[in-house]
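Only one structure is covered here, and it is reproduced in the block below.
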Number of protein chains: 2
Amino acid sequence: MAEATTRRRGGGGAARRAERTAVRIECAKFIERNIPTFDILNEEALEIIEYNAETVLEEIGVNFPSNPGALALWREAGADVQGERVRIPRGLARQLCKTAPSRITQHARNPERNVEIGGNSLVCAPVYGPPFVRDTQGGRRYATMEDFQNFVKLGYMSKWLHHSGGTVCEPTDVPVNKRHLDMLLAHMTLSDKPFMGSVTEPSRAQDSVDMCGILFGKDFVQENTVMTSLVNINSPLTFDDVMMGALEVYAANNQACIISPFIVGGAMAPVSVAGTLTQVLAEVLAGIAYSQLIRKGAPVIFGTFVTSIDMNSGAPTFGTPEASHILYGAGQLARRMNLPYRSGGGLCGSKLPDAQAAYESANTLNAALMGGVNFMLHSCGWLEGGLVSSYEKFVMDADQLGVLHRLAAGVSADENAQAMEAIRQVGPGGHYLGCDHTQANFKDAFWRTQLLDYKPFETWDEEGARDTQALASARVAKMLAEYQQPAMDPAIAEALRAYVAEKKASMPDAFT
Amino acid sequence: MAEATTRRRGGGGAARRAERTAVRIECAKFIERNIPTFDILNEEALEIIEYNAETVLEEIGVNFPSNPGALALWREAGADVQGERVRIPRGLARQLCKTAPSRITQHARNPERNVEIGGNSLVCAPVYGPPFVRDTQGGRRYATMEDFQNFVKLGYMSKWLHHSGGTVCEPTDVPVNKRHLDMLLAHMTLSDKPFMGSVTEPSRAQDSVDMCGILFGKDFVQENTVMTSLVNINSPLTFDDVMMGALEVYAANNQACIISPFIVGGAMAPVSVAGTLTQVLAEVLAGIAYSQLIRKGAPVIFGTFVTSIDMNSGAPTFGTPEASHILYGAGQLARRMNLPYRSGGGLCGSKLPDAQAAYESANTLNAALMGGVNFMLHSCGWLEGGLVSSYEKFVMDADQLGVLHRLAAGVSADENAQAMEAIRQVGPGGHYLGCDHTQANFKDAFWRTQLLDYKPFETWDEEGARDTQALASARVAKMLAEYQQPAMDPAIAEALRAYVAEKKASMPDAFT
């Protein structure tokens, strides 16, 4: 098998020794839903939105500024291109989207961690993008590379997290033009879960592809998807040339991109849910169609990141009913296009990992599961509207992802689950704790937290009356103390470090 | 109209003056769902559970201990009665349940606060039963009558709460045999929302009916439902004679009861979801059938209170995936019987109103909405597995009930919601904050919290960096300070006080 040989090249004794000494961590397989999706829009509403989205593309169009290559491709495909405005005849974008695959296998360097994105799957990835971090000890502060590495380690240790993510925080102590190299190196060496590539410059996307060539083997990368990267649309209706440049690199190299409107509702889209869904669909149709113009069959994900806005202060708000409406509706639109769907996460506006953070996050996590999300960025660690990666919230949310796993498994009605013998055995007025059925099944009967407190009041009080943040703080410390780097072929690790060193040496530092 | 005249009897000048000086509070109508329910069980699983429940009734049976009247009714109806065990032939219980109404109108003394229980409705009632209270200032302590009155006041002031509830906390400073009188008086005079009656003795149920006779008029009570009371089943499969005695009083007087298994899964029901649902259905079938034997057409609600258990410690756990599975499944079973459904709430095991409390509560609140619950007891204020009524959590949960209202409204796709003119007007790269559509719609576009923090970090930090508990504590103080008693006919208030005084004087104090 090409994969195995590629990964073992240069392996030999050192690699085998590394594998032997590695601690095996527990990691759940990505979620495969065995429950229905929650469909909030009826057929009529769906058809109206789909019709209107085509009207937007045809009559208003989308902008591809500073991107003559994109404009040429669109003209060739039959669009009406005037200046940077691209008007797409009704039906053309949807037609072009049909070559995008409905399901993506993203490979990890440890094949057990491969994920499927699409169909009934739900893949959970951590928070993406915050310039700040917060923990109980250090408070709120600018994120550093050490923080970044810590979050990658926590992600690797988190049983219910399937994906290492991308910019788990912005390492602000590394120059802007070099930090993607250190970030990739951390994901590649400190974890063996799948990860995301850089999108902040086309050249950085290329670095991501090249480093994956070292990690997986160049041929393997060309034939398989080893990265899923986040390409945001500048809503409304604008496709930024830097993001599009990254998309061009990834699509050309068969790497997956999430094509995602990033919308604060009421500011970057209409204040109404149906209007926002119309714009989301128009943007995603144009973006995914463009990916297929670059390379037919390029793996892409229908992305939707929509928050609502507090119209009094202008602040973005999270975990709100309007955001859930949009999440549910966009999921239906994505499924009708037979495309993988990204949305959701443990989103919140709170400054602290407190009750507000948890209500808002739980609202979104539940909606994401019910709404048929296939790739959930920001599954854990998101705080303060995405300005902060929180250590404590990372492990809190990650624990709740276990709830989603079990919910998604659905309800068995097989003979063991029916438990008729148990009901007979116990009878009226009895209790089930000791009965045969309970003894045979109790170990797997109930999801169990690794974090939350179930102790009697008196015990809990004696142990310091700790709140969830304090429990989470202790769990973070324990996980980081127990962390052990997953085994890796030393030759590959060395080649990756050499690539990073060489690239860094070739550029002056840039901090903006 | 009988209602209006009855309520105004003895009114005159004093009543009108009271009405004029009353402060009107904002109160949302009960929720009418405009979204689908989430159905987790397929037809095959539903049929298996329904078949098995009938087998349980027929072959195992249920116990009605110390209740010769009930046994006689069952024998007469065709059941096989041996000792206190009642075995019910397949199909009989379901047949008897058919005379129960599918929808109940519960009247409040303020007709604007009447609620509909059944169909697409969701009525939210507060926490029920805790012997302790907690707030930031006083910590955890035994509940008193003053606490009880405070919670009734908070419930009255809570916009998204439709129901005043019942035992919002146990007023432990009042003798056990007299506290129902003070509790009823508080609900009747401090709030004008609908409420629950006493179930701890049949005579206390009768007191509840008699006091309602004073409040609403005796004839009105006989013709209308003015209380919904909570009758728990002693799972497994046992119908306690005290609770049944209360049910007998209420059913005979046309007052509604929730017939509710109270189950810690793994202890009082099998460890499996399908097994628990089978037992729940068997118990509810027997309980509701019995209510119809007492009085055909008696208003009843299909109740389900199921938590899971931590099999390591035996502690009940809340907001877990298994509890959600049961909530969803029981909702389907209730709808197939065309009966109103009670489940859900802001349930949690946490000792504090912290992130754990909020994750667990949000999980259950969302499931209750999606699962088609019609009457949600414990909607707000529940803490520590139901041992504590929390002041802060009361206002936190009550705020989240606003999210449910908006979620339940569904998504409009009318011309205004489509917002096509807004998308045209703004165009690629613009923003929507100032556009006509936003100006016309922003006030009602987004649900808005009355509690949570949306401020910029700096402002929030300057204002004391308060967490949700601190914000909630301030809101509790503000609400209690602003509370004004709703207008009431002084003659009725006096008659109620006289009834309570007389009843109290007729009995020695009892504290157990």
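For the set Ala45(B), Gly434(B), Ser272(B), the entry with the most heavy-atom pairs within less than 4.5 Å of chain A is Ser272(B). Each of Asn63(B), Thr37(B), Leu365(B) has some count of heavy-atom pairs under 4.5 Å with chain A, and the biggest count is that of Asn63(B). Between chain B and the options His437(A), Glu283(A), Met420(A), the largest number of non-hydrogen pairs under 4.5 Å is found for Met420(A). Looking only at heavy-atom pairs under 4.5 Å with chain A, the residue among Asn441(B), Asp399(B), Val56(B), Val62(B) that has the most is Val56(B). For the set Arg85(A), Met370(A), His325(A), the entry with the most heavy-atom pairs within less than 4.5 Å of chain B is His325(A). Between chain B and the options Glu392(A), His431(A), Gln279(A), the largest number of non-hydrogen pairs under 4.5 Å is found for Gln279(A). Options Asn363(A), Asn234(A), Asp461(A), Thr320(A) differ in how many heavy-atom pairs under 4.5 Å they form with chain B, and the most are formed by Asn363(A). Counting heavy-atom pairs closer than 4.5 Å to chain B, the top-ranked of the candidates Glu59(A), Met268(A), Glu84(A), Arg140(A) is Arg140(A). Each of Leu433(B), Leu41(B), Thr278(B) has some count of heavy-atom pairs under 4.5 Å with chain A, and the biggest count is that of Leu433(B). By number of non-hydrogen pairs under 4.5 angstrom with chain A, the leading residue of Ile49(B), Asn52(B), Val273(B) is Asn52(B). Your options are Ile35(A), Leu387(A), Val388(A), and the one with the most heavy-atom pairs under 4.5 Å with chain B is Ile35(A). Between chain A and the options Gly61(B), Ala357(B), Ala267(B), the largest number of non-hydrogen pairs under 4.5 Å is found for Ala267(B).
Contacts between Val426(B) and chain A at a heavy-atom distance below 4.5 Å involve the side chain alone, from C-beta outward. Heavy atoms of Glu44(A) lying under 4.5 Å from chain B are absent altogether. For Ala472(A), no part sits under 4.5 Å from any heavy atom of chain B, backbone or side chain. For chain B, the nearby parts of Thr438(A) are the backbone and the side chain; heavy atoms of each come within less than 4.5 Å. Of the atoms belonging to Pro353(A), it is backbone heavy atoms, and not side-chain ones, that fall under 4.5 Å from chain B. Looking at Ala367(B), neither its backbone nor its side chain comes within 4.5 Å of chain A, counting heavy atoms on both sides. Within the 4.5 angstrom heavy-atom criterion, atoms from both the backbone and the side chain of Ile309(A) approach chain B.
Minimum heavy-atom separation, Ala419(B) to Gly275(A): CB-CA, 4.1 Å. The heavy-atom pair separating Phe446(B) from Gly265(A) by the smallest distance is CZ-O, 3.7 Å. Taking all atoms of both residues into account, the shortest heavy-atom contact from Ala274(A) to Ala417(B) is CB-O, 3.6 Å. Of all heavy-atom pairs between Val403(A) and Gly319(B), the closest is CG1-O, 4.4 Å. Across all their heavy atoms, Pro428(A) and Ile60(B) have their closest contact at CD-CG2, 3.8 Å. Counting all heavy atoms, side chain and backbone alike, Ile40(A) lies closest to Pro36(B) at CA-CD, 4.4 Å.
Residues Lys443(B) and Val271(A) have side chains not in contact (no heavy-atom distance under 4.5 Å, counting atoms from C-beta outward). Side-chain contact between Pro270(B) and Ile423(A) is present, with at least one heavy-atom pair separated by less than 4.5 Å. Using a 4.5 Å cut-off on side-chain heavy atoms (C-beta onward), Ile48(B) and Glu415(A) make no contact. For the pair Leu352(B)/Trp460(A), a side-chain contact is recorded, criterion being any heavy-atom separation below 4.5 Å from C-beta on.
By the ring-ring contact (aromatic ring centres under 6.0 Å, His included) test, Phe132(A) is found to be paired with Tyr142(A), residues two or more places apart in sequence or in another chain being considered.
One finds the OG atom of Ser324(A) at 7.0 Å from the CG atom of Asn366(B) (value rounded to the nearest 0.5 Å). Atom CG in Asp354(A) sits 9.5 Å away from atom CG in Asp354(B) (nearest 0.5 Å).
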Donor-acceptor contacts, no H, no angles, side chain residues 310-318 of chain A, under 3.5 Å, sequence neighbours left out:
| from | atom 1 | to | atom 2 | distance (Å) |
| --- | --- | --- | --- | --- |
| Asp310(A) | OD1 | Asn312(A) | N | 3.3 |
| Asp310(A) | OD1 | Arg448(B) | NE | 2.6 |
| Asp310(A) | OD1 | Arg448(B) | NH2 | 3.4 |
| Asp310(A) | OD2 | Ser313(A) | OG | 2.9 |
| Asp310(A) | OD2 | Arg448(B) | NH2 | 3.2 |
| Ser313(A) | OG | Ala315(A) | N | 3.2 |
| Thr317(A) | OG1 | Ser308(A) | O | 3.1 |
| Thr317(A) | OG1 | Ser308(A) | OG | 2.7 |

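Without hydrogens or angle criteria, Glu322(A) side chain to Trp447(B) main chain gives a donor-acceptor distance under 3.5 Å. Lys351(A) places no side-chain N or O within donor-acceptor distance of the main-chain N or O of Tyr454(B), the cut-off being under 3.5 Å. Side-chain N or O atoms of Gln356(A) include one that pairs as donor or acceptor with a backbone N or O of Asp453(B) at under 3.5 Å.
Between the side chains of Tyr359(A) and Asp397(B), at least one donor N or O sits under 3.5 Å from an acceptor N or O. Under 3.5 Å, the side chains of Gln418(B) and Tyr51(A) contain no donor-acceptor pair of N or O atoms.
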Could you go step by step and tell me if Thr449(B) and Glu360(A) meet the side chain to side chain contact (heavy atoms under 4.5 Å, CB included) rule? CA-CA 11 Å; Thr449(B) 182; Glu360(A) 293 174 337; over 6 Å; no
